[in-house]
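Heads up, the thing below is written out as structure tokens.
These numbers were taken from a predicted model, which means no experiment stands behind them.
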Amino acid sequence: MMQMKIRSNELILYRDFDCSKEILDNAAFILSGSAAGEEKQKDRVSRFAGSLIELAVNCGYNGNLWQAYLTYLIANSENAYSTSCEMKGEVPGTVRDAALHDFAIFRQMFMIDLSAFDEIGSNDISGLIGSFEAADDRSRTYNSRIRDRIIELRDELAASSSDVEFEKSVAQFYKEFGVGKFGLHKAFRVEHINGHADIVPITNIMHVYLEDLVGYESAKKKLIDNTEAFLDGRPCNNCLLYGDAGTGKSSSIKGILNRYYDRGLRIIELYKHQLQDLNDVIAQIKNRNYRFIIYMDDLSFEDFETDYKYLKAVIEGGLEKKPGNILIYATSNRRHIVREKYSDREESDDDLHRNDTVQEKLSLSYRFGISIYFGRPDKKEFDNIVRTLANRYGIKMDEKELLLEANKWELSSGGMSGRCARQFIDHLRGQMKQEEE
């Protein structure tokens, strides 16, 4: 009945697909010419088509969904060949030979005639999955740049005339974007699953750029210089960004990510209650060809909390050397992170070594090689932030009136800060939008 079989069981490197393996299994079962009952065959075909469509909607794919799915597997498969290629390109030797063997099988799968599924399904399956048109092209899984490049790779692979040409296209993709979750995403969070720290991509991230942060040029330059040294493999330091609330500490780190993502920078967000997972996280990323910033936002500890000692040991103090592809960037409203009290510096019968107590609380902040201060702007600086943002977003208002309204806003919104200025401008933009409608 079927002229083409799926030989996925013969793959050498591309075997352990963590993503949507059920689609491949269903396709293999259907095309195997199994003697299973007609109803079971129809069920498999429906499941196969439905899963492809779900994947297409999640990823923003269109056109030939079967080929898009195969490309998706290749882009996400972390194996000896793909991880060797990431950020380096083609690799010689036996690993490449094994990859060519697998790509020969993938080329056969790319050429499967989708009309074969129509022989079993009661609907026009080949029409549904062969020329799919999405309601919109938004992707819940990737940013549009990655999604478009995967579609471009699909078309290149489908048109390839040889296994070598197929391999060259795949190697170039890995060189440009890397492979798997670390290659195709820029930001991650940590989730604790079955006693294990799992690094999970963040698919909906804020697109903040350093240019969006008005002022703080000296502070931004320190952060940029340190990050560029890190990316270049030069000596660099962990960074603590501290100061008043709303002054751009977190935005600066997000801006760093968006500026240097194309150079292999990735960020993993870690909360203080997850510090016990820090060593597990580092073990998962220390041998990858990316540069990772472990980002801890709003880091602070009360004097009775002791989890900060995990962080101290990792930054400096443990026996194992911290990997060269990992830095820690943290933000805090406190310069010394761990809460201090006047009683720490006073004589007490309960604490025989008062100075030791003080040094213990200061020791964490001292282990950050660079501390960058973000202070609350004065009136002149605040007005400049408001004017700059107003010009950037095309707000047409007399300057005196603009600054007067900004002053009223900050008085009821926690005082002058970059965050307050942006919230005021967003308020004006919302008012303008309402008037236009």
Side-chain angles (χ1 to χ4, degrees), residues 11 13-21 55 58-61 68-91 95-96 98-99 102-103 106 139-157 166-191 197-205 207 227 230-231 233 254 256-269 281-295 323-327:
L11 293 168
L13 299 176
Y14 288 81
R15 295 189 64 86
D16 298 323
F17 300 118
D18 294 332
C19 46
S20 305
K21 179 69 161 52
L55 179 70
N58 283 330
C59 296
Y61 297 151
Y69 166 67
L70 294 176
T71 308
Y72 173 82
L73 293 182
I74 291 171
N76 282 280
S77 179
E78 297 182 2
N79 55 60
Y81 174 77
S82 61
T83 54
S84 297
C85 283
E86 64 181 9
M87 299 179 66
K88 292 181 180 179
E90 290 183 82
V91 294
V95 171
R96 179 174 181 265
D102 286 1
F103 293 151
F106 269 105
S139 173
R140 303 171 192 168
T141 305
Y142 305 119
N143 63 45
S144 59
R145 176 171 168 265
I146 296 291
R147 186 273 321 280
D148 292 346
R149 185 63 182 89
I150 289 178
I151 292 299
E152 182 183 336
L153 176 63
R154 175 197 67 186
D155 297 340
E156 288 178 13
L157 299 181
F166 191 102
E167 185 258 348
K168 286 184 179 296
S169 294
V170 173
Q172 183 61 33
F173 177 87
Y174 290 151
K175 181 180 179 181
E176 290 178 19
F177 293 99
V179 59
K181 62 184 179 183
F182 293 129
L184 302 180
H185 299 274
K186 61 174 70 172
F188 307 84
R189 68 169 60 91
V190 176
E191 294 183 0
D198 194 19
I199 302 173
V200 179
I202 299 174
T203 57
N204 185 24
I205 64 174
H207 294 288
T227 304
F230 176 50
L231 295 173
K254 293 170 187 174
I256 284 288
L257 170 63
N258 285 311
R259 174 173 290 192
Y260 296 109
Y261 161 67
D262 288 344
R263 289 179 58 182
L265 183 67
R266 303 292 184 265
I267 281 187
I268 300 174
E269 187 173 36
V281 169
I282 290 174
Q284 295 178 51
I285 62 178
K286 64 181 181 180
N287 294 320
R288 296 304 297 266
N289 289 322
Y290 302 97
R291 298 278 172 170
F292 292 92
I293 289 175
I294 296 178
Y295 166 49
N325 69 327
I326 299 172
L327 278 186

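Residues Phe230 and Leu265 form a side-chain contact, since some pair of their non-hydrogen atoms from C-beta on lies under 4.5 Å apart. Side-chain atoms of Pro323 and Ile282, non-hydrogen and from C-beta on, do get closer than 4.5 Å to each other. Put simply, the side chain of Arg291 does not reach to within 4.5 Å of the side chain of Arg263, judged on heavy atoms. At a threshold of 4.5 Å between non-hydrogen side-chain atoms, the residues Arg154 and Leu70 do not count as touching. A heavy-atom distance below 4.5 Å is not found between the side chains of Ile293 and Leu257.
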Can Ile267 and Lys254 be said to form a side chain to side chain contact (heavy atoms under 4.5 Å, CB included), step by step?
-> CA-CA 9 Å; Ile267 281 187; Lys254 293 170 187 174; over 6 Å; no
Determine, step by step, whether Glu156 and Phe166 satisfy the side chain to side chain contact (heavy atoms under 4.5 Å, CB included) criterion, reporting the C-alpha distance in whole Å, the side-chain angles of both residues, the deciding distance to 0.1 Å, and the verdict.
-> CA-CA 8 Å; Glu156 288 178 13; Phe166 191 102; over 6 Å; no
Test Phe182 against Asn289 for side chain to side chain contact (heavy atoms under 4.5 Å, CB included), laying out the working first.
-> CA-CA 10 Å; Phe182 293 129; Asn289 289 322; over 6 Å; no
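With rounding to the nearest 0.5 Å, the separation of CZ in Phe188 from CD1 in Ile285 is 9.5 Å. Note: Cys85 SG to Phe173 CZ = 12.0 Å, rounded to the nearest 0.5 Å. Note: Arg149 CZ to Thr71 OG1 = 10.5 Å, rounded to the nearest 0.5 Å. Atom CD of residue Glu176 and atom CG of residue Asp262 lie 10.0 Å apart, to the nearest 0.5 angstrom.
Without hydrogens or angle criteria, Arg96 side chain to Glu90 main chain gives no donor-acceptor distance under 3.5 Å. Remark: the backbone N or O of Ile202 is not paired with any side-chain donor or acceptor of Arg189 at under 3.5 angstrom. The main-chain N or O of Tyr290 is found under 3.5 Å from a side-chain atom of Asn325 such that the two form a donor-acceptor pair. Between the Ser77 side chain and the Ile74 main chain, no donor and acceptor come within less than 3.5 Å of each other.
Shown here are the side-chain hydrogen bond (donor to acceptor under 3.5 Å, both in side chains) partners of Thr83, two or more places apart in sequence or in another chain: there are none. Annotation: ring pair (Phe, Tyr, Trp, His ring centres under 6.0 Å) contacts of Tyr14 (sequence neighbours excluded): Phe103, Phe106. Arg288 is linked by a salt bridge (Lys or Arg N to Asp or Glu O under 4.0 Å) to Glu78, Glu86, counting only residues two or more places apart in sequence or in another chain.
Around atom NZ of Lys168, no more than 12 heavy atoms belonging to other residues, nucleotides or ligands sit under 6.0 Å away.
Listed here is the closest heavy atom pair of Val190 and Ile268: CG2-CG2, 3.8 Å.
The aromatic ring centres of Tyr69 and Tyr61 sit 6.0 Å or more apart.
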